[in-house]
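Just so it is clear, the structure is predicted and the values come from calculations on it, not from any experiment. Residue numbers start from 1 in every chain, and the chains themselves are labelled A, B, ... in the order their sequence lines are given, proteins ahead of strands.
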Amino acid sequence: MDNNVVLTMRGITMTFPGVKALDNVDFTLRKGEIHALMGENGAGKSTLIKCLTGINAFQAGEIHVDGINGPVVNHSTLDAQKKGISTVYQEVNLCGNLSVAENLFIGREPKTKFGTIDWKTMIKKSQKIMKDLDMPVDVKQNLEEYSLALQQMIAIARAVDMECKVLILDEPTSSLDDNEVEKLFKLMTQLRDKGVGIVFVTHFLEQVYAVCDRITVLRNGTLVGEYPVAELPRVKLVAAMMGKDFDDMAAIKTDEAADFSNAEVFIDAQGLSHKGTIKPFSLTIHKGEVVGLTGLLGSGRSELARVIYGADRNQTGTLKVNGKEVTIKSPIDAMNLGMGLLPDDRKAEGIIGDLSVRENLILALQAKRGMFRLIPMKEQIALTDEYIKTLQVKTASRETLIKQLSGGNQQKVILGRWLATNPDFLILDEPTRGIDVGTKTEIQKLVLKLAKEGKSLIFISSEIEEMLRTCSKMGVLRDGEKVGEITENLTQETVMKAIAGGGSNE
Amino acid sequence: MKNKKLNSNTLLLIITIVLFFVMYAAGCIVYSDKGFGNIQTFLNLLINNAGLLCVTCGMTCIMLTGGIDISVGSLIALDCMILAVGMEHWGMSAPVLCIIVLLIGIVFGMVQGFCVGYLKIQPFIVTMAGMFFGRGMTAVISTNQVSISNEWFVKLANTKIELPFGAYTNNKGALQIPFVRLTVVVALIVLVVIFLMLRYTKFGRSLYAVGGNEQSAVMMGLNVPMTKLKAYVLSSFLCSIGGICFCLNTMSGNVQQATGLEMDAISSSVIGGTLLTGGVGNVIGSFFGVMINGTISTLVKTNGKLLSSWSNIAVAALLCFFIVLQSVFAKIKEKK
C-alpha cells in the first residue's frame with residue numbers, strides 16, 4: 001500500500017490574517033489515480049494546493065513525496081517542479097508574447113554544446129508534443145495568437161512534458177468546450193495509465209464521475225473525508241460538500257411556463273452588429289424575462305451582449321430601450337439607461353484586487369452617480385453590509401481586500417456591485433463559472449427573484465441545465481451569428497440540437 | 001517553413017529601419033553639397049553615438065522586463081568624472097580606472113536590481129534615487145571641468161581604425177580613408193553580444209517572459225527577482241562601458257555631462273519597437289532607434305541655421321508617431 005503512495009499531506013494547517021483557511025487537513029495521492037479535490041468556495045482547495053506548490057507557507061503539518069526522504073517544504077513553484085509536482089491553473093499562466101515552443105520549454109530549454117538555447121531541437125520537440133496531443137498548432141507562432149482553450153491545453157502539455165509524478169489540474173476545464181474537455185480527459189487517462197498521480201480540482205460534478213477514481217472533500221478548511229468514486233453517489237457528494245441536504249436545483253423554477261407576449265418590451269434590438277465579432281442580430285427582451293444565450297465557446301455569446309451594452313459599438317441596426325430609440329456609445333450610456341454587465345473574465349474586467357470589498361461593491365454606483373458626488377460613507381457601509389448579507393459573501397470584514405476572497409465570493413461581490421445600481425436590465429456573462437454548486441444555486445435563485453421583480457436579464461452560461469432552470473427563452477449562437485431562438489419545448493436535447501445545427505429551429 | 005506570418009512587432013521594426021534609410025537618403029540628397037553623403041558622415045554617426053548605443057542596449061533589456069532605468073545619464077557623468085579625476089589628480093593608471101568604473105557599474109546595478117527585484121519597489125523610484133545619487137557623487141568628486149591628458153587614454157581615444165574600402169576624395173580634393181574609433185568596435189560588439197544573449201540564452205528569454213506576464217513567469221518556475229536583478233546589473237554595466245566610450249569622445253569629466261541621456265536611450269528603444277509595458281522589443285530595433293536619433297541631430301547640425309532644439313521637437317514627433325502606431329497595432333490585434 002505504502003509503495004503505491006506518491007504524495008501524502010498530513011495535518012496541514014494554515015491561517016490567513018483573521019481566517020483559518022486550512023485546519024488539520026490530510027490528503028493522500030496514489031500512483032496512477034485521478035483524485036478529485038472537491039469543496040465549496042472557500043473550502044480550502046486552492047489554499048491546499050498552494051501549500052503544496054510552495055506559493056503559500058503553512059504553519060503546521062507535513063508533506064511527503066515519493067522518493068524523497070523526510071518532510072518536504074516547497075518554497076516556490078520551481079521547487080515543487082523539481083520534486084515532480086506540476087500545476088496547471090484555471091487562468092492560463094503562460095506568456096502570450098513568447099512562441100508556443102518557448103512556453104513549453106521555458107526554464108528547461110534544450111541547450112547546444114555552447115550552453116545556448118537550441119532552437120532547432122526545441123521546435124522539433126514542441127512539434128512532436130503538439131502532434132502527440134493532436135493539437136493543430138504552429139509552435140513558432142506567439143501564444144497569444146491562439147484561443148484561450150488552446151492556451152490551456154498548451155499549459156497542460158507543458159506540465160505533462162515535465163515528467164511529473166504529481167500533476168495538479170486546478171479547474172482546467174472551466175474555459176474549455178466539450179470537445180476539448182474530452183481530449184483533456186483522454187490525456188488524463190493516458191497519464192494515469194503511465195502511473196502519474198493526478199489531482200483534479202473542478203466544480204463540474206459530471207466531470208468528476210467521468211474520469212476520477214477517488215474523491216477528497218473539504219469543507220470550511222477541514223477534511224470531510226476521502227471516498228472511492230463508486231461509493232459516493234452524486235447526492236451524497238453534494239451533501240458532503242455543503243454539509244446539509246441538497247437543495248434540489250431542479251425545484252427552483254416554478255413549473256408555470258411564463259407567458260411574456262403581453263408584457264412590455266424592454267430591450268428591442270434590430271439588426272445590431274459589430275464587425276469581426278458578431279453578425280447582425282435581433283433580440284427582444286420583455287420586462288421580467290430571463291433570456292439565455294447559448295452556443296459553443298467563441299460562438300459570439302459574450303460578443304452579442306457586449307454590443308447591446310455598448311462595450312463594443314454597434315455598426316449597424318437600431319436599439320430601443322423601453323420603447324425609445326437610443327444610441328449607446330459607451331458603457332456609461334448603457335448604465336444611465338439602467339443596464340448592467342457582469343463580464344465573464346472577472347480577473348481582467350471585474351475585480352480590482354487591491355480595493356476592499358466595500359470599494360469594489362460601490363464602484364458601479366459611484367460611476368453612475370458621477371465622480372464628484374461621493375456616496376456618503378454611511379450609505380456605502382449600509383449598502384455593503386446589505387449585499388454581504390443577502391448574497392452571503394464569505395469575508396472577514398467589509399474592508400477586507402477583495403483579492404483575499406475566494407473566486408466565488410469575488411463573483412458575488414461583483415454581482416452585488418451591479419445590483420447596487422438597481423438596474424432594469426442586467427447581463428450576466430458566465431456568472432457561475434468556477435464557483436461551487438451551492439453558490440450556483442443561490443445565484444440562479446437570485447436571477448429568478450430579480451426577474452420576478454420585473455427586471456430583464458440576459459443569462460449566459462456554458463451549462464445548459466443551468467439555463468434551462470432559469471431562462472424562458474434561449475438565443476442560439478453559432479460562429480458569431482445568432483442562428484435561432486427557442487421559446488417552447490426547452491429541454492437539453494432541443495438546445496443541444498440547435499447548437500449543433502442541422503436544420504432545427506432555424 | 002518560411003510561411004511565418006508577419007506579426008505586428010516585426011512590422012514595427014521594419015518601419016523603423018525603413019524610416020532610418022529614408023531619412024538618411026533624404027539627408028544625402030538635400031545636403032549633398034555639405035558632404036552628408038560621404039561614408040565618413042555615417043561613420044561619425046556611429047562614433048558620436050557609440051556610448052549611447054551601449055546604454056540603449058542595457059535600457060532595452062530593462063524595458064523588456066517592464067522596468068525602466070533613468071539613472072544611466074548620471075552614472076555616465078560619475079564614470080567620466082572618476083576617470084578624469086582619477087587620471088589627472090589621483091595619478092592612477094587608466095586601465096585600472098576603467099576596471100574600477102566597470103565594477104562601480106556592477107555594484108550600482110546590484111543595488112538598484114535588489115531594490116526592484118527583491119524589495120519590489122517601483123523601478124522608476126529606485127532609479128530616480130540612483131540618478132540623484134550619481135549626479136550628487138559626481139559633484140562631490142569635483143565641480144570643475146576636468147580635462148584628460150593621460151597619455152594612454154589619449155592614445156586610445158585617437159586610435160583610428162581605417163576601413164580597407166570606401167576611400168573617397170573630399171570636396172577639397174584630398175583622399176580620405178574612412179575610419180572608425182575603438183568605441184564603435186566596442187559598441188558593435190556589445191550590440192551583437194546582447195542580440196545573441198536575448199535570443200539564445202535562458203536569461204535572455206526570461207527577460208521576455210517576465211515582461212510578458214510576471215505572474216506566469218513565477219508560475220512557470222522562473223526566478224523573477226533574480227532575473228530583474230541581473231537585468232539592472234547588466235544595464236548599469238553596459239552603461240559603464242558606454243561611460244568609458246563617452247569619455248573617450250569628450251576627454252573630460254563634468255557634472256553636467258550626459259544630462260538627459262537616459263531619455264535619449266528610452267526614446268531610442270521606443271522608436272526601435274520596445275514596448276514600455278515590457279515583453280516586446282529587440283536590440284536591432286534599438287540600434288536603429290539610436291541611429292535615427294543621431295541622424296536627426298546630424299541633420300539639424302548640418303543645416304547650420306536651425307536651432308539645435310529642433311532635433312528635440314523632431315524626436316518628440318517621432319516618439320508620438322511610434323507610440324500611436326504601437327497602440328493601433330495592439331488594437332488591431334485585440335479585434336482579431
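- Salt bridge annotation for B:Arg205-A:Glu109: absent, with no cationic side-chain nitrogen under 4.0 angstrom from a carboxylate oxygen.
- Once rounded to the nearest 0.5 Å, the distance linking NZ of B:Lys202 with OG1 of A:Thr116 reads 14.0 Å.
- Contact annotation for A:Leu98: only side-chain heavy atoms (C-beta onward) come within less than 4.5 Å of a heavy atom of chain B.
- Here the closest non-hydrogen pair linking A:Cys95 and B:Ala209 is SG-O, 3.3 Å.
- Nearest heavy atom pair, residue A:Leu94 against residue B:Asn213, reads O-ND2, 3.8 Å.
- Not a single donor-acceptor pair under 3.5 Å links the side chain of A:Asn97 to the backbone N or O of B:Gly211.
- The environment of CZ in B:Phe124 is sparse: at most 12 heavy-atom neighbours from other residues, nucleotides or ligands sit within 6.0 Å.
- At least one donor-acceptor pair under 3.5 Å links the side chain of A:Arg158 to the backbone N or O of B:Met220.
- Other residues, nucleotides and ligands contribute more than 12 heavy atoms inside 6.0 Å of the CE atom of B:Met128.
- Atom CD of A:Gln315 has more than 12 neighbouring heavy atoms from other residues, nucleotides or ligands inside a 6.0 Å radius.
- Both the backbone and the side chain of A:Asn103 come within contact range of chain B, with heavy atoms under 4.5 Å apart.
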